[in-house]
Amino acid sequence: MKQYAKIIWALWIILALVGGYGLIERLVTGHQLATYSSYVPWGMWVAAYIFFVGLSSGSFLLASLYYVFKITRLERIARLSLFTAGVTIIMALVTVGLDLGRMEKAVSVFYRPHFTSLITWEVWLYTAYLILVIMALKYAVRKKLKKLDPQVTKDDDQRLKRLMTYGIPLVIAFTGAGGALFGTISARAAWHTSLYPVIFIVGALLSGVALMTFMAWAFCDNHDESWHELLQFLGKLVLGLICIELILEWAEFSIPLWYGVGSEAELVKFVLFGPFWYVFWLVRILLGAVLPLYLLMGKKDAKSIGIASFLVAVTYFAVRLNLVIPAQVTPELRGLEHAYLDPIGNHLSFHYLPSFFEWQVLMGVVALGMALFYFGQRYLSLMQTLNNREVSR
Amino acid sequence: MNKDRPDRTPESEERRAVLGKMASATFAGLMLSGVLARAQDAAPQKTPIPARPFKGSSDANQDVLIRMQGELERAMQKPINERRWGMVIDMRKCTGCASCTVGCVMENKLPPGVVYRPVIDEEKGTYPNVTRTFLPRPCMQCETPACTPVCPVGATWKGADGIVVIDYDVCIGCRYCITACPYQARTFDFGQHWTDNAAKGEDGALALKSARAYQDPPNFEYGKEWKRREGIIPKSPVGNTRKCTFCAHRLKVGMLPMCVSTCVGRATFFGDLNDPKALVSELAGMANATQLKPEAGTHPNVYYLV
Ligand code: SF4
Ligand code: SF4
């Protein structure tokens, strides 16, 4: 890890500079530089938002395996997982906040909520979750930072367990509701499936666990026996989740495509054979499933597990993109694409390719996430726990 | 455009002056309807709709515009919840001229990227056996709108008279409603202006002046004055979702929706579907009256005669 510190710093500085400029542009020019439109109203930022939410839910559930279900071999990774859950949910909220047309009014979801909307439910559940994660982190961390009265430590452990227990249904609720947010939109044939809440939960677990497995591999310098055991365990978990996810994805794609008739079949064909076919075949299937499966079932050494998990976690973004974008690229009324054009910003278009500005803003959010991680490892002794270098309780 | 012209000639100056005057006159004319609506709206009780010979009448022999005007005034006498505004568009008469689109853009002062009533031009068949159909697409003011329950802050709802409205002061611009509409009748105000990247060169200043004369004055949707502006905290409706309201601000003062008034082919009909004698009710009840995407379950209040 230490040998990569310079590279990570350099990367962070680039992301922070480029992304910071993007964030300023976002504030000054609003949405004008984005390429999403009135016909593809949700672009890459929405995909990134559900991607980050998935990472958060998955890492939280992984942490709960230790804090609630006492799977002790996860102890080393539990606190880092909980912290990752907090960081990624913040990244998700920042991303979706920047996606709003009127960011300054976002708080109105609290004082004038409209509970028929799944967005309202999501905002309320995320807020409860963020508070819960912060409280849980407090109890998980403070006993490691300073010497506490044994009774306080015991109370903290109990509180932590209780919080994490409440957190499980909460996480399942908002992750499933994330799927429902799309699934309930009957106007978009590709979204309108009851499978989405389930796919979202499995996808969250897969991407979150894969991210934590990668971190356990990359950020740990103490490669002792228990670390190898931890990685083997996590590797199997990732392998199992990839398989379940692939089955669900098969169901999602094959059902509309089987007879090849109907608008949904067209949308699936767009994903598989359209102009962005490589996002599915190369990024999603090759890098996100075939290669990781090969690595996880082959040598099964720590490096293979680490690299496989990295690939799964990162390429899951392609799954999110394929979920959000293709459902919007065909006109609901044939011919609408030519009916009236926007000569200034092309915001009445069905073609969508994220602009550099959108990538910039995303880089800014990633830089923010990295900064929060730095803070965590610096002040919350997360890495010491991962390296198993502290006095055991 | 005039790069190769060495110097301004007196003729060119004169032409520019004439153009300038024309531009102001045109924009004044275009603005008139909106200004009128606002002026009347400012004191609605004190400004009775002037008496006209056709007031409240439903004479089948009248010009349809005159008949609909009378029916509109009759409907406005009723309590709001007894009206149900509807529209009928005769696709056989629509010539695809897009006067309705342009009228709507002018009336609501729509910026680039925002459109309430595009006309879809569909070509069918292969040459030489080709036909074209034109389908103007306003908001359907659905009976069970798909766009309203999704709003996280209740910024959009179906009013008592059946018009689906958006409160720009409340909308947070999440665009969920845009995804939910099966007719893609909602567009997002990205904060663009017609003068962005506008003409440069010799006539650039004149072009900008003319365009600004159009874009800078406020619009009067929902009977309120909106001065849109981009910025760190934009001014509504920038950053909001926007949609057709059947020109609710015009109806309030007894004027037909702009697209009905500007329809060259007399192909757009408007009125109270709760009034059995109204022209729209008659037309909507015809055997060839259809709705767009009835399978969407939204029960549109816009009918098409095919
Ligand atoms: S046409 Fe679309 S925007 Fe208009 S009421 Fe229906 S669902 Fe809402
Ligand atoms: S864009 Fe505005 S009106 Fe539409 S759902 Fe969001 S807050 Fe509501």
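Each chain gets a letter, A, B and so on, in the order the sequences are listed, and its residues count up from 1. Quick caveat: nothing in here was measured; it's all calculated off a predicted structure.
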Practice task
State whether a side-chain donor-acceptor pair under 3.5 Å links A:R102 with A:S108.
Solution key: no
Problem - Donor-acceptor contact present, side-chain B:T245 to main-chain B:A248, <3.5 Å - result: yes
Practice task
Would you mind checking which part of A:P41 comes under 4.5 Å of any heavy atom in chain B, side chain (CB onward), backbone (N, CA, C, O), both or neither?
Solution key: both
Exercise for the section: Heavy atoms only, distances under 4.5 angstrom: which of A:R26, A:R188, A:M103 has the most pairs with chain B? Name it, please. Expected result: A:R188
Practice task
Side chain from CB out, backbone as N, CA, C, O: work out which of these in A:L181 comes under 4.5 Å of a heavy atom of chain B, or both, or neither.
Solution key: both
Handout entry: Which atoms of B:D169 approach chain A - backbone, side chain, both or neither, heavy atom under 4.5 Å
Key = backbone
Practice task
Tell me whether the guanidinium CZ or amine NZ of B:R175 lies under 6.0 angstrom from the six-membered ring centre of A:Y36 and within 45° of its axis.
Solution key: yes
Completion exercise
Given A:P113, A:S117, A:G30, A:A106, the one with more heavy-atom pairs under 4.5 angstrom with chain B than any other is A:S117
Problem - Winner by heavy-atom pair count (cut-off under 4.5 Å) against chain B, out of A:V40, A:T184, A:L333 - result: A:L333
Exercise for the section: Please collect all side chain to side chain donor-acceptor pair (under 3.5 Å) contacts where either partner lies in residues 134-143 of chain B, sequence neighbours excluded, each pair once. Expected result: B:Q141-B:K243, B:E143-B:N301
Handout entry: Neighbours of chain B found in residues 348-355 of chain A - heavy atoms under 4.5 Å
Key = A:L348, A:F350
Problem - B:E123: partners by salt bridge (Lys or Arg N to Asp or Glu O under 4.0 Å), with sequence neighbours left out - result: none
Exercise for the section: Answer yes or no on whether A:R320 is positioned over the face of A:F200, meaning its NZ or CZ is under 6.0 Å from the six-membered ring centre and within 45° of the axis. Expected result: yes
Problem - Structural part of A:H31 lying under 4.5 Å from a heavy atom of chain B - result: both
Exercise for the section: Tabulate, in ascending numerical order, the residues of residues 119-129 of chain A having at least one heavy atom closer than 4.5 Å to a heavy atom of chain B, or enter 'none'. Expected result: A:I119, A:T120
Completion exercise
From the list A:V109, A:L336, A:L27, A:V28, the residue making the most non-hydrogen contacts under 4.5 Å with chain B is A:L336
Handout entry: Heavy-atom side-chain contact between B:K224 and B:S236 under 4.5 Å
Key = no
Problem - Heavy-atom pairs under 4.5 Å with chain A, option from B:R186, B:K293, B:Q184 with the top count - result: B:Q184
Practice task
Go through the atoms of B:V119 and report whether side chain, backbone, both or neither lie under 4.5 Å from a heavy atom of chain A.
Solution key: backbone
